[in-house]
Amino acid sequence: MNLRYFALATIAFLLVFNSCNQKGKSEASGKKEKKPISVDALLIESQKFAYTLEANGTVLASEFVELRPDVAGRLVLLNINEGSFVNEGTLLAKLFDDDLQAQLRKNIAALDIATKNEQRMKTLLNANGLNQQDYDQALTQLNSAKADLDYTRAQIRKTEVRAPFSGLIGLRNVSNGAYVNTTNVIATLQQVSTLKIDFVVPESNAKELKVGQMVTLTSNENPTKVTARVMAIEPQINTGSRNLKARAVVTDSKVKLNPGAFVKVQLEQGNNNAILIPTNCVIPESRNSKVAVIKNGKAQFQVVQIGYRDETNVEITDGLNVGDTIALNGILYLKPDVQVTVRSVKKSN
């Protein structure tokens, strides 16, 4: 009987011992899981920052027009020396207008008769030899003859194609004697003494683009850097591309660029006081970006707004303040409010 009780007591002791041992392991395991995570930290400081934004641009002539006739007809004169300079008002093309010239002579004769008749009527009216109604009728005929003459002259001007401004004439597309209408382009005229550049910048950089700002141009035609000044900015952002269009004028009149050429436009962007952090510190999410901020020995995830970004650094425009401390590494192991041990602290500048 004593042996039996002794065996039962031994079994009970072993069970209690094993239970305590498992509990101790469980507590040790729990303590191990709650061990603080060791990370390197970055102290946020303000620093001087500027970068160059590169945009695609197109060269434009300061003035450009496609020369078309105002009416349909047969070309009887083509005064276009391709590639030459023409002055404003130069007659470049003339359509057949013999019928209008005949009408012009008829209108001139009618005006001459109406003028003499009005003068006679006026003399009689002043001598009280004519009533006012007869004179008014003669004056109306005179004014009508003048209007007919003006109309015919306007029709004749429509048969002429003149240079609207001084510039370089392009290649002609028709020959003398051809029948043309208002859709036919006879040639082009461009004023290239001053060049303009159209370019677009992303919506995120639109706020830093200002009228009067200087930009730098480079192209395959002219590898030398050329300066230009922003003259106008489109007030509305393109809803399809989310880009803002701007126009600059080349300040050096000696620069030779062909209209339509492709150029690279470089703009100095940024501000003097900015917050920069390494790119790998940012945690991208579907709707926003976050960084792990260390406060009171715990990790907290802060939503931030991103500005400029490159392969090494990213600009934080909102969400971080000078003096904050963020985690540089071990970000994948951090969770909200987890205990953090800082191994070392680096400065952002």
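By convention here, the first residue in the shown sequence is residue 1.
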Side chains of [X] and [Y], heavy atoms from C-beta outward: is any pair under 4.5 Å?
X      : Y      : result
Ile197 : Val250 : yes
Lys225 : Gln266 : yes
Ile186 : Leu92  : no
Leu67  : Ile169 : yes

When clusters are formed by joining ILVMFWY residues with side-chain heavy atoms under 4.5 Å apart, either directly or through shared neighbours, do [X] and [Y] land in the same one?
X      : Y      : value
Val65  : Leu78  : yes
Leu195 : Phe64  : no
Met231 : Val263 : no
Leu328 : Ile316 : yes
Leu189 : Val185 : no

Donor-acceptor check, side chain of [X] to backbone of [Y], threshold 3.5 angstrom: yes or no?
X      : Y      : value
Lys335 : Leu332 : no
Arg68  : Thr183 : yes
Lys347 : Leu43  : no
Asp134 : Asn131 : no
Asn238 : Ser241 : yes

Quick one: closest heavy-atom pair of [X] and [Y], and the distance?
X      : Y      : result
Ala114 : Gln141 : CB-O, 4.0 Å
Asn87  : Ala163 : O-CB, 3.5 Å
Gln47  : Leu276 : NE2-CB, 3.6 Å
Ser175 : Leu75  : O-CD1, 3.6 Å
Ala41  : Val342 : CB-CG1, 3.8 Å
Gln190 : Phe165 : C-CE1, 4.1 Å

In Å, rounded to the nearest 0.5 Å, how long is the span from [atom1] of [X] to [atom2] of [Y]?
X      : Y      : atom1 : atom2 : value
Arg343 : Asn329 : CZ    : CG    : 5.0 Å
Asp148 : Ile108 : CG    : CD1   : 12.5 Å
Ile233 : Lys245 : CD1   : NZ    : 13.5 Å
Leu149 : Leu111 : CG    : CG    : 6.0 Å
Glu63  : Ser166 : CD    : OG    : 11.0 Å
Ile44  : Thr325 : CD1   : OG1   : 7.5 Å

**Report entry** side-chain contact (heavy atoms from CB on, under 4.5 Å) evaluation trace for Thr123 with Gln119
**Finding:** CA-CA 6 Å; Thr123 301; Gln119 292 175 350; 5.6 Å; no
Query - Where at least one partner belongs to residues 226-237, residue pairs that pass side chain to side chain donor-acceptor pair (under 3.5 Å), sequence neighbours excluded - result: Thr227-Thr251
List, one per line, each side-chain donor-acceptor pair under 3.5 Å for residues 282-294, sequence neighbours excluded.
none

For atom [atom1] of [X], is the number of surrounding heavy atoms from other residues, nucleotides or ligands below 6.0 Å larger than 12?
X      : atom1 : result
Tyr333 : OH    : no
Phe262 : CZ    : yes
Glu82  : CD    : yes
Asn181 : CG    : yes

Residues that [X] engages under salt bridge (charged side-chain N to carboxylate O under 4.0 Å, His left out), provided they are two or more places apart:
X      : answer
Lys264 : Glu54
Arg74  : none
Lys146 : none

Query - Those residues that, when tested against Ser144, pass side-chain hydrogen bond (donor to acceptor under 3.5 Å, both in side chains) (two or more places apart) - result: none
Query - Verdict with reasoning, Asn173 to Asn184, per side-chain contact (heavy atoms from CB on, under 4.5 Å) - result: CA-CA 8 Å; Asn173 301 315; Asn184 293 119; over 6 Å; no
Query raised in the report: Going through the distances and angles, do Arg247 and Val230 end up as a side-chain contact (heavy atoms from CB on, under 4.5 Å)?
Result: CA-CA 6 Å; Arg247 178 169 292 172; Val230 178; over 6 Å; no
**Report entry** Steps toward side chain to side chain donor-acceptor pair (under 3.5 Å) verdict (Asp40, Ser344)
**Finding:** CA-CA 5 Å; Asp40 294 319; Ser344 63; 2.8 Å; yes
Query raised in the report: Taking it one step at a time, do Leu95 and Val180 satisfy side-chain contact (heavy atoms from CB on, under 4.5 Å)?
Result: CA-CA 9 Å; Leu95 301 181; Val180 295; 3.8 Å; yes
Requested in this report: Please name the residue in the list Asn258, Val59, Leu168 that meets the side-chain contact (heavy atoms from CB on, under 4.5 Å) test with Val192.
Outcome: Leu168
